[in-house]
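Just so you know, these numbers use all the heavy atoms, side chains as well, and skip hydrogens, waters and symmetry mates.
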Amino acid sequence: MAMITFKINRYNPDDEKRGHFVQEYQIDVPKGYTLLDCLNDIKWKLDGTLTYRRSCRSGICGSCAMTINGVNNLACETQVLGLNCSTVTVEPLRGYPVVKDLAVSLDPIVRGLLAVKPYLMTKTPPPTDQERLQSPEEREKLDGLYECILCGSCTSSCPSFWADKEYIGPHALLKAYRFVADSRDECPGEHLEPIDDKHGLWRCHTIFNCVEACPKDLNPTKAIAELKKELIRGKLG
Amino acid sequence: MTLKDPEAIHDVEGVGIHSVHRHDVVIIGAGLAGMRAAVEASGEFDVAVISKVFPTRSHSGGAQGGIAASLANEEEDHWEWHMFDTIKGSDYLGDQDAIEILVKEAPTVVREFEHFGCPFSRTPEGRIAQRKFGGHTKDFGKGGPVLRACYAVDRTGHALLHTLYEICIRNEVRFYSEFQAMSLIVRDGVCRGVVAWDIVNGGMHVFHAKTVMFGTGGYGKVFKITSNAMANTGDGLSLVLKAGLPLEDMEFVQFHPTGLYLQGILVSEAVRGEGGYLINGKGERFMEKYAPSKMELAPRDLVSRSIQTEINEGRGINGEAYVHVDIRHLGEEKIMKQLPQIHELAWKFMHIDCIKEPIPIQPTGHYSMGGIPTNIDGEVLFDGKNTPVKGFYAAGECACVSVHGGNRLGTNSLLEASLFGRRCGKSIIRFLRENRDWPELPADSAKGALDEVEWLLNTDGTEKVGEIRDDLQVLMTNKCGIFRDRATLEELTGDLKKLEERYENIKIDDKSEKFNSDLLEASELGHMIEFCELIVAGALSREESRGAHSRTDFPKRDDEKWLKHTLAWKKGEEIRFDYKPVTITRFQPQERKY
Amino acid sequence: MKYKETTRSGGALPWLFQRISGVYLAIVLFVHVVNLHILIDGEIGYAAIAERVATPLWKTINISFLIVALFHGLYGLWIVLEDYIHIGWLRVLIYGVIATIALVFAIFGTLTMITFQYGG
């Protein structure tokens, strides 16, 4: 148990005059409390106006990504006493328009995602009453790709995205590679073509922030490197 | 988007013209059931999906272990075996016609998911991999556990959910993401649409529809210890009740045996399917006493009762309210390959390395077997004679077909949600081909919802939503949990009345319209109190022990009196019951032993 | 559902050129350092350097290094400007100034190289 001060970046769209401001809350934090538990405590006991997204509280839904002490992470997976500091700063994910307090607009995430045609594309019809075959080795190539929970931490941490709001974002590129790498996908070009763009794949300058930001320990930069290789291979025939 | 009907949009009092939308199909809930139906119907009709969370945040994604289908990819299996297991698991309360459909169509549904692109784990031959799960056996229960649960590592729900979202994108399904359903418009036995609140921007919207489908999920949040997401507040059930329709078998609530101690977070049954042991404070594999032949792979109701009994009788670890699930003997390689998410969860939430230490677990509120009564085509029924409401469908956890009866087997929920979601889609298509006209939209459609929001924003009481909800969760867990009896249930009935009175006297802090989660949490609490009364009343009236409903004062199953489904209506303060028979085709009820 | 129909400009070949030119520059620099500091006999003085630079092989190497380095650097700079300067005309203006100066130096450098003579 320790008294922790939370400095929370707040913004109320109905009060434009006040704009963005920092509000402090102090609560007793027992061992095992996650940041989400603390935010819930604040909301339910101190200030019902505090706004944030949350749902599964077990790190699978991707709702509660935020910037915690300057680092993007899921609130529900952050042990507050594990941060080893008496003051915790909490901000909405950077780079996205803020909707209210810690909730940001999901539009950039969806826009990037839709661009890469994020679905399996095939030409040959699937076998009747059978699954398509895929060897365990082929399936293994999807590990580290299909686990993405679309929390938006990676794109929010990306300086290329900060600089270029039209940049498609590492989350979308990871998704593109999830299909390009799938042995069952027969149209990798369909996923590659839309990202061969200065606001697409080539906007990535291999900064690696996305790798550090990902709460699921995925590696978008590696996926992007593979996509670049794929595209170049395609161009050179 | 062009309207498929030439007549002008109907006016709705209190709602701007731009907030009235029209779609052939409006689906509430973007989980497995809702999105599977959307995929099916979007080939032919204009489909909109409304969800209070972004689609991939739906709690279907929390499922870990697998989806059942007798593919026989790993070893011999037959749908008849699956059918027997499901019926026996349901403690003979499942409707056998529906269960037969479930098990027969399961392979098709799972293979379709593969065709959609779901990244299932694979056998060396390249087929969908399968693992063991509790209650799934060979040869009508006479053999050992069977490899039947098709899985994608230990993230099966996540893989299925994202795959469906992707196919919805392909099919250009219209999503209204972060809209919270506030009321259902049913008049004269015809469903005409729904009213929903735009969470991000504020404001009430009316969705005028020829067909409405509910895939609104469960209500685990009425319990203190639960595996469910914070969004799982059972809104759909309360909306149905308020529209004057009944709910079925609400007394049957599944407690999952293995939730992380104090957190309730799900530790997949795959942990036991892969060979994990349950160990009590004396270091014994205590399942020997309760299910000598199936041990840890007995059905969930039995395992949960066994764990709770160990805890109640002082044999928890150090006498505390938990036991251990131990997977150390599986070895690091198998754990990291087959159960990586479990390893991650135990580490992040308990700081326990499950390769070296056992995981502390306790039973956790998990799943609702009961719900909105439907027939095998997903049509919602409004009486004991199986009369459907025109144009209203439901599937998934919010619905009760009933394939799970008194207790659901693990991996049957993903199956049921997607399979009956798909069937809903198909029957919606049939309905729309025959019914081209728009049902009339009453001008006062939004009145109830608008009044509710206005009341919540302006009520100036003294009670806090968080405190009432906390009390509700503690009461439901303590008094309507794994073990129940008359005295405590009667007490709880009184407690709930008091909570209802306190709810009338609430006050919320946030008075704004945009992204007002304070307002929506208050509305959700109202829903929860509403249907909790039905759960308790159902539990009180069902004087027997069947499946997950365990009465210490009536410890035996009573087929003579209670081999029937409960239907319950709520009108004002009054709860009315009716009953309907269980459909029995192939397997006669027998004693249930594992 | 293409991402951005209007501003598509690819980027694959410039990206590949940056990698190849980078590798080329690194190799030439390495050869240069080895030549200058390890292989050379005796004192490093004007005579020793000038003699080498005057050979046709080294003239070619140095001119190619100059041009490749300029392209590599200028393209990199263009990417940086694209990242941080969002006003189109300003970006072109700044880049234009830098590129002009670079071009002037490139011409001077090349001319110097071509015309450079030593001894005989």
TODO: Any chance you could measure A/L113, atom CG, to B/Y165, atom OH, to the nearest 0.5 Å?
DONE: 5.5 Å

TODO: Evaluate the criterion side chain to side chain contact (heavy atoms under 4.5 Å, CB included) for residue pair B/H59 and A/C56; output intermediate values, then yes/no.
DONE: CA-CA 7 Å; B/H59 201 54; A/C56 76; 4.2 Å; yes

Open item on the list: One pair to check against side chain to side chain donor-acceptor pair (under 3.5 Å): A/W44 and B/E521. What are the steps and the verdict?
Closed with: CA-CA 10 Å; A/W44 296 340; B/E521 283 187 12; 2.8 Å; yes

Task: Rounded distance (nearest 0.5 Å) linking atom CG of B/D509 with atom CG of A/D47 - done: 6.0 Å

Open item on the list: Side chains of B/K514 and A/T51 only: does a donor on one sit below 3.5 Å from an acceptor on the other?
Closed with: no

Task: Qualifying residue, where the test is side-chain hydrogen bond (donor to acceptor under 3.5 Å, both in side chains) with A/Q130 and the options are B/H115, B/R127, B/E114, B/R111 - done: B/R127

- [ ] Quick one: which of A/C151, A/P13, A/G82, A/P136 has the most heavy-atom pairs under 4.5 Å with chain B, could you say?
- [x] A/P136

Task: Euclidean distance, A/R57 CZ relative to B/S227 OG, rounded to 0.5 Å - done: 7.5 Å

TODO: Please round to the nearest 0.5 Å and tell me the distance separating atom NZ of A/K216 and atom CD of B/Q341.
DONE: 6.5 Å

Task: From OG (B/S60) to CD1 (A/I60), nearest 0.5 Å - done: 11.5 Å

Open item on the list: So which residue, A/R178, A/E137, A/E138, ends up with the most heavy-atom pairs under 4.5 Å with chain B?
Closed with: A/R178

Task: Contact leader toward chain B among A/P127, A/S63, A/S135, A/P125, where contacts are heavy-atom pairs under 4.5 Å - done: A/S63

